[in-house]
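Below, chains carry the letters A, B, ... as their sequence lines are ordered, and counting in each starts from 1.
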Amino acid sequence: MSASWLLRRLALILYTTFIVSVLVFGITQALPADAAVTLLGENATAEALNAIRERLGLGDPIWWQYLRWVGHAATGDFGLSMRTGQPVGPEMLTALGRSLLLAVAAILVMLVIAVPLGMLAAVRQGKLADMATGLISYLGVSFPEFVTATLLAMLLADTLQWLPATGYVSPLEDFGGALRHLALPVLTASLILVAHVARMVRSETLDVLHSDYIRAARLKGLPERTVLVRHALRNALLPVVTIVALDVGYLLGGIIVIEEIFAIPGIGRQLMVAVTARDLPSIQAGALIMSATYAVANTLADVAYAVLDKRIRYD
Amino acid sequence: MTDLLRRLMRTPQGAIGLILLAVLAAVCLFGPWLAPHDPEKMDFLGRFRPLGAQNWFGADQFGRDVLSRLLVGARSTLPMALAATLLGTVAGAVVGTASAYLGGRWDEAIMRTIDAVMAVPGLLLALLLVSTLGNGAGNAMIAIAVTFAPGMARVTRAVALTVRGQDYVKSATVRGESASWIIFREMLPNVMAPVVIEATIRVSFAVMLFATLSFLGLGAQPPASEWGLMVAEARQYVHQAPWILIAPSLAIAMTAIAFNLLGDGLRDAMNPRDER
Amino acid sequence: MTAVLSLRDYTLDYLTGSRPLRVLQDISLDIAPGEVLGLVGESGSGKSTLAWAIMRHLPKNARELSGTIRLGGTDLRSLPPRELTRIRGRRIGMVFQDPSTALNPTLTVGRQVTETLVNNRGLTRRAAWDLALELLGHVELRDPEALMRRYPHQISGGEKQRILIATAFGCRPELIVFDEPTTALDVITGARILDLFARLRAETGVAALYISHDLALVSRVADRVAVMKKGRLVEEAPAASIFARPAHEETRKLVAAVPRPENRLVHDRPGDRVLLAAEAVSVRYARPRLFRPPPPPATHAVGFDIKAGEILGIVGESGSGKSSIARALTGLADFSGGIRFDGRPIGSARDMDGAYRRAVQIVFQHPDGSLNPRQTVGEILSRPLKLFGTGQANLSAEIGRLLEQVRLPAAYATRWPHQLSGGEKQRVAIARAFAAKPSLVICDEITAPLDVSVQASIIELLLSLRAETGAAYLFITHDINLIRQIAHRIAVMRRGELVDLLPIDAVDADHVHPYTRDLMAASPTPVG
Amino acid sequence: QQSAARRGGVLRISVDQAASVIHPLRTRVNPEYLVAELLYSGLTRLAAGMKVEPDLALSWTPDQTLTEWTFVLRPGLTFHDGSPCTAADVVATFTAILDPKTASPGRTNVGPIKEVTAKDERTVLFRLTSPYADLPVALAYTNARIVPAKVIETDLDSLSRSAVGTGPFKLVSFEPDRKIVVERNPAYYDPARPYLDRVEVLVYPDRTAEASALISGDIDLMLGTAPGEYQRLEKASGVKALRVPSGQFLNVNMGCDQKPFSDPRVRKALALSVDREAMVGFVAGGYGTPGNDTPISPAYRFHREQPLRKADLAQAKKLLAEAGYPNGVDLTMIASDKPGTRTELAVAIREMAKPAGFRIQVQTMPHATYLDQVWKKGNFYVGFYNMQATADAVFSLLYTSDAAWNETRWNNKDFDALVAEARTKTDETERAALYTKAQQLMHDEVPSVIPVFFDLLAARRDYVEGYDLHPRGSVFRLDFVSLGAAAPKRG
Ligand SMILES: Nc1ncnc2c1ncn2[C@@H]1O[C@H](COP(=O)(O)OP(=O)(O)OP(=O)(O)O)[C@@H](O)[C@H]1O
Ligand SMILES: Nc1ncnc2c1ncn2[C@@H]1O[C@H](COP(=O)(O)OP(=O)(O)OP(=O)(O)O)[C@@H](O)[C@H]1O
Ligand SMILES: [Mg+2]
Ligand SMILES: [Mg+2]
């Protein structure tokens, strides 16, 4: 991994962010119902609308609005939320923090479940264990997340009363409480991902097990355990790194519904609220922060991959 | 083709998947005739009627027969999900193949742009698009197709890169074929196999995304009995009448499982491994 | 003296879609201690299957019908998997064709070698490491210490194959099975590996089964040779005599097909008109980047000319830029320098107009890859015909004519590529090239993947097509014996540079480049 | 009750959507009203039974014509920052509310105010454009909260981020989408109240999850809930489910100035095809009162007893035919997605009106799009309104020709006159007579179909004392709430 590779990746993150900014800005411009109307709701008067539009600069040409926004965003100033009047940047970063907490926890839980499951299925290919793990993982992906969330909450919170049903507690305020409150959403999110990753681990392990070097290892007379542990496991797990990075993206923005049900004001949900309220600064800042995070996660995954797999050299 | 079908039926996943899909297809085709009741007929006295002889799968908050709604709703659920996937797949496949063919800077530019689109999470992108285009199943379909396309483009490109290295593509280049001939006639047919597998698995994502969009109030329009919408509407009654949530959830799950099984089966059937 | 390996009446089927495919039929053979048995036969005759059967590592769809396989006193067929693990590596070793896939890409070479030694010879880690160093040093690998700390992708194919062979011998097995261990390597490296094999064998006295379809090679390394045809052993005789006095018709067929340099197949002389001239052509794959020195070009200012109707051979080590030249001439690779075609200058791929494209055709090495699997033979042939001006009306007639030209039945037009054998595919590819009525056909190792008899028929076809159309050939190959049969001149390449450009009768002269001499020397003397 | 109330404790109250606006003049939804009520006071406030009671004002007197009202403030009022609250602040506040640029929803709801002046430190004079008997009630409007004059002069928008009020609580922290915390204002004008040390307002976007949180004791009180959850809450132990009939309603607005609704027979046909009893079941889960196409529910003071309009499909069909639609009529009814009951009403009406010849297509849309494109513009859509404090407030908000939100464009001169005349009367029976006529007129002409009034539903933990669910929906009076001995101790 050379410095110039890293530089290039950084440039690519910037490029990605730029494209996203254009994309998101474009879409927000096309959103029907302008923010001023939404903001004032049923109390909009012509004067009030004009006052707000003027304040927000909504009357300027679009390219100018875009440039102004990019200019400010570059200095970290994403403007004030139209909805709450609070500065958008800090608000979205706080939300991102919550989402990342959820994402990291969910990924850890998911890996702990999915990797052994996938390996087991591969080693016992075609046997009962394979079928069983397959079924479990199918069930995970086969229900809409709001159903999974509802059913889990009904079971673990309402009926068994093991866990608090909902709500977000900051780990800085109350660590134990935060863990307990995170348990259900993390479980829901990881159940959805388990299938994906377990299947990946299974097929990668199978591929590796059928590769020539595993065959060669067996023909060299190595015991099966050595073949599995030393030769197969590591190679099979490599691609999982990439998948995990993709899942970060999903966990940041794809679990709006989980965040909504469990009352976690994460970035996905905040964006959803912003879209509903046509709160353009929030949409733009949120989408941008989110995709930058995603790009960074992918870069980190690439770096991790190269560290783990000596074949890969980035230059 | 028949050979593939035979191999598919020989894998357990493929066989179960195909059977489930056949059932679903039958429901799509004949649902309205199979339905014992009018799916939109309200019955004040039958609100939340539990499963029983009168309503096999119970009745919902309007006293409508859940089974009938499921049977009729299959039509507005499955073809939509299929169409969205198809649209996204075709668009993605063309872009991915073209990107692989063009190579160099073009490839770089296209792929980085696709990365950027993928950096906006699918649900959010769909949300923005539907908010822009307006509610409704048709727009939800387009939105889902758009969110699928970049991923499909990536998958396709990976395959297309190896195809591009094949000598038959080179020989087409050498005899001076046009880019569109090479992309559409030489390369695309040869990248379809893995793309089809990927697509079958994505159908279940599409069903899920539709359901989620409906949950967020952006998908199908009531009183349609689109399954996702049914689940979404039923959620608030889950403590009162769980079956109106569970019945459509199971239908969705069955669809998802069927397509996933089919995808897994296809994967095994299409690249037979050297089994030792 | 009891045999190390002994097979009796061994028969094996593969279960395929419709009915079982008989692959081995009543195979009986013995290998004595210290003996090398060569196994030859045309492609698909069942050689590899036999090797896998001995290694007890058969595909799931294999069905053993009868027979015994004994290693020393052990009946291999009745061994449970646990016992087999203890036999493999310790008592039988195996070396594959492609060294690049036999090593785990994520573990260092040293680790993989020592692991094997620890496991099979019961050594400690330290002792195994020291032994490994010794073994690698022994097979003339420079700086084994450093080599062992590298990963497989950091060493060359030849080095990998040496390491694998050294490890196999290092485990002191009774028998080693070699399945075409040198076909993935260039001739010079391959020859070096053969020397190594001979030396190690002499030193250790290990018995071996050596599979190849290269008769010359087998006759060099084996004590006895067995010939296989469609799953049966048809002849078995000492290596010294078998090809000189082949008894079975199959053996005779194989021997007859072996190219012999003294047996010139081309007798005419080309005209004086220069058809195409390459002027200082350099191909560079990597684009220049910021902050880094540019990588060396794949070919460096290569210049040569081809006369109308001439056959120009290009030979040289692997990676020397032969294919790159072919790519440059066909516009598949960007190049600097220039090409002059029929007096017209061509500076880049963009200058290659319809006339040029039509005149210069290429046939690729792998017939599997060069035919689009989603198009029928007819469709494949119709494209160039249409592109180069054949009307819709006489399309099918033209296709028929082309197929006939390459000696294929006209009915093949409706076949799909996967319904053809390797040789037939290559004929279709040739037909496609000739559809354009070219004046120059570039052949990039088109005979390499084919077995000798098929190879011979393809060469015959090319020559007769040349007689019909007067096309010139740029013939790239590793097979020196073959090229000496047909080429008018030979270009020798090494590390991107053209080191020699000689008339065919001058290749054995004294003034040639040392590399050319090495190359000629490394080429095995034809058998028979 | 007041003497028994225990002081201290932290109350956790849940709301179902973010209180994103804490600017008291601009609040629009119940959670925001709640926060504003905790932090600010008005001149008057609503007590149980829609009675008006003094808040910052001690007393008020109208002149003979009901066009000049004098309000006297309590002595020694201070804002949270310690500065005194005087008549000048009241004047500045109302001037700001009436300024269209402020975009306060209160502008059209605080009464026909022409001018506000300060007579002295504690006396404020309201001059009205027309007589208005309900002014003290109107001044209790959710947005009529007194803010300091100097904030108005310097930076009114700063109230979106901080709070300077005279309310019983002071703002501690504000995270609109998660949690808002307020603490007792020691300088509140009533030294006895509030009883609570702190109130935490928590946002639970999902109603099912919210109910679960109450049942598990994570929260003590919820602002409101849905029928499905209500049943569960009723059964839960340690929880007291709360219910009060209200004037909150859903209506189907019809553009009375456009075809086909310009013909009253079409409107009446639609009204006649609705089974109101069933509708209470369908959209209110049974927790509601059937409506008679006037916005005055039995929870209002001047409600007129009147036999319920029965569904009569034959008559409906006939009317439709008479209006020129013998083969029925095709319509698109728009329902925004918030609240979800809008859609349910639309779906139910669609089915009920089908036999009468109405072929209705339901179209839902995000609320934002609805506000932009349909609201006050559309021809056929579902509206949703909270109960207002008085009959006059509803009528002049929605149905008079000059109503701020005249969605139906019914523009009936007789109706306008009746409402206007009722404003000038103080005599209860006279007003009742006028409002009865007005309701009758609406019932006959059906500018909008109002099939159902909702009961407000909520729940609290057993130990929460002194909380009464207020039918207005936007009145909370948490300064009267205290925690019983069984309440959990929270830091
Ligand atoms: N797993 C399998 N299932 C079915 N048929 C197979 C299988 N493996 C090989 N075959 C067929 O069995 C025959 C013998 O194959 P084998 O690989 O042993 O040939 P070979 O002599 O090694 O050929 P080559 O010289 O090309 O390596 C061929 O016709 C081949 O197509
Ligand atoms: N597409 C490519 N990108 C980068 N480098 C390449 C590419 N193709 C070939 N090379 C490099 O260029 C050099 C010349 O390759 P070329 O294929 O021309 O060799 P060759 O003489 O045909 O070898 P062989 O006998 O193995 O076919 C090699 O070092 C090779 O690694
Ligand atoms: Mg073989
Ligand atoms: Mg080459």
Side-chain angles (χ1 to χ4, degrees), chain A residues 1-12 122-127 130 204-242 304-315, chain C residues 51-52 54-57 59-60 81-109 111-121 149-154 160 164 167-168 170-171 173 176-177 179 286 289-292 295:
Chain A
M1 227 163 317
S2 56
S4 73
W5 177 81
L6 272 178
L7 269 180
R8 216 159 63 93
R9 282 309 294 231
L10 277 177
L12 280 182
V123 174
R124 298 248 178 287
Q125 189 196 7
K127 308 256 170 59
D130 185 13
E204 285 300 326
T205 310
L206 280 178
D207 279 352
V208 170
L209 286 179
H210 285 114
S211 68
D212 283 340
Y213 58 85
I214 291 294
R215 186 162 72 178
R218 287 194 173 130
L219 289 180
K220 279 193 304 194
L222 294 184
E224 192 62 18
R225 221 168 50 92
T226 317
V227 172
L228 279 184
V229 175
R230 196 174 306 159
H231 289 256
L233 181 69
R234 181 194 171 105
N235 294 5
L237 287 188
L238 278 174
V240 175
V241 177
T242 318
Y305 207 118
V307 170
L308 291 174
D309 187 344
K310 297 295 179 302
R311 277 170 298 179
I312 312 280
R313 279 174 53 231
Y314 299 119
D315 43 32
Chain C
W52 291 121
I54 295 168
M55 293 309 292
R56 311 306 306 143
H57 197 71
K60 284 233 170 72
R82 281 189 79 79
E83 298 289 317
L84 266 179
T85 307
R86 297 154 57 96
I87 297 260
R88 286 185 193 142
R90 289 180 209 190
R91 294 185 58 194
I92 337 175
M94 181 157 183
V95 176
F96 298 98
Q97 172 178 6
D98 189 351
S100 60
T101 57
L103 287 169
N104 187 334
T106 56
L107 296 177
T108 58
V109 171
R111 193 154 165 201
Q112 299 188 55
V113 175
T114 45
E115 162 187 80
T116 317
L117 295 174
V118 166
N119 186 60
N120 291 337
R121 301 224 3 217
R149 292 187 201 288
R150 294 207 212 138
Y151 287 87
H153 69 274
Q154 294 167 323
K160 267 183 244 181
L164 290 172
T167 317
C171 291
I176 303 180
V177 177
D179 191 356
R289 287 254 169 75
L290 237 48
F291 314 125
R292 240 170 311 123

Proximal component of C/Asn119, with respect to chain A [non-hydrogen, under 4.5 Å]: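 Contact with chain A is through the side chain of C/Asn119 alone.
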Identify which part of C/Leu107 has an atom lying under 4.5 Å from any heavy atom of chain A, answering side chain, backbone, both or neither.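 Side chain only.
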Between A/Asn235 and C/Thr106 (side chain of the first, backbone of the second, donor and acceptor by atom type, cut-off under 3.5 Å), is there such a pair?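 Side chain of A/Asn235 to backbone of C/Thr106: no pair is present.
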Can you tell which part of A/Ser211 gets under 4.5 Å to a heavy atom of chain C, answering side chain, backbone, both or neither?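 Looking at A/Ser211, nothing touches chain C.
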Residue among C/Pro173, C/Cys171, C/Gly89, C/Pro152 with most heavy-atom pairs under 4.5 Å to chain A: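 So the answer, after comparing C/Pro173, C/Cys171, C/Gly89, C/Pro152, is C/Gly89.
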Which distance, rounded to the nearest 0.5 Å, do you find between the OG1 of C/Thr167 and the NZ of A/Lys220?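 It is 7.0 Å, given to the nearest 0.5 Å.
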Salt bridge (charged side-chain N to carboxylate O under 4.0 Å, His left out) contacts in which one or both residues fall within residues 84-93 of chain C, not counting sequence neighbours: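 Listed once each, the pairs are C/Arg91-C/Glu174.
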Suppose we screen for salt bridge (Lys or Arg N to Asp or Glu O under 4.0 Å). Which residues come up paired with C/Arg150, at least two apart in sequence or across chains?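 Listed in chain order: nothing, the list is empty.
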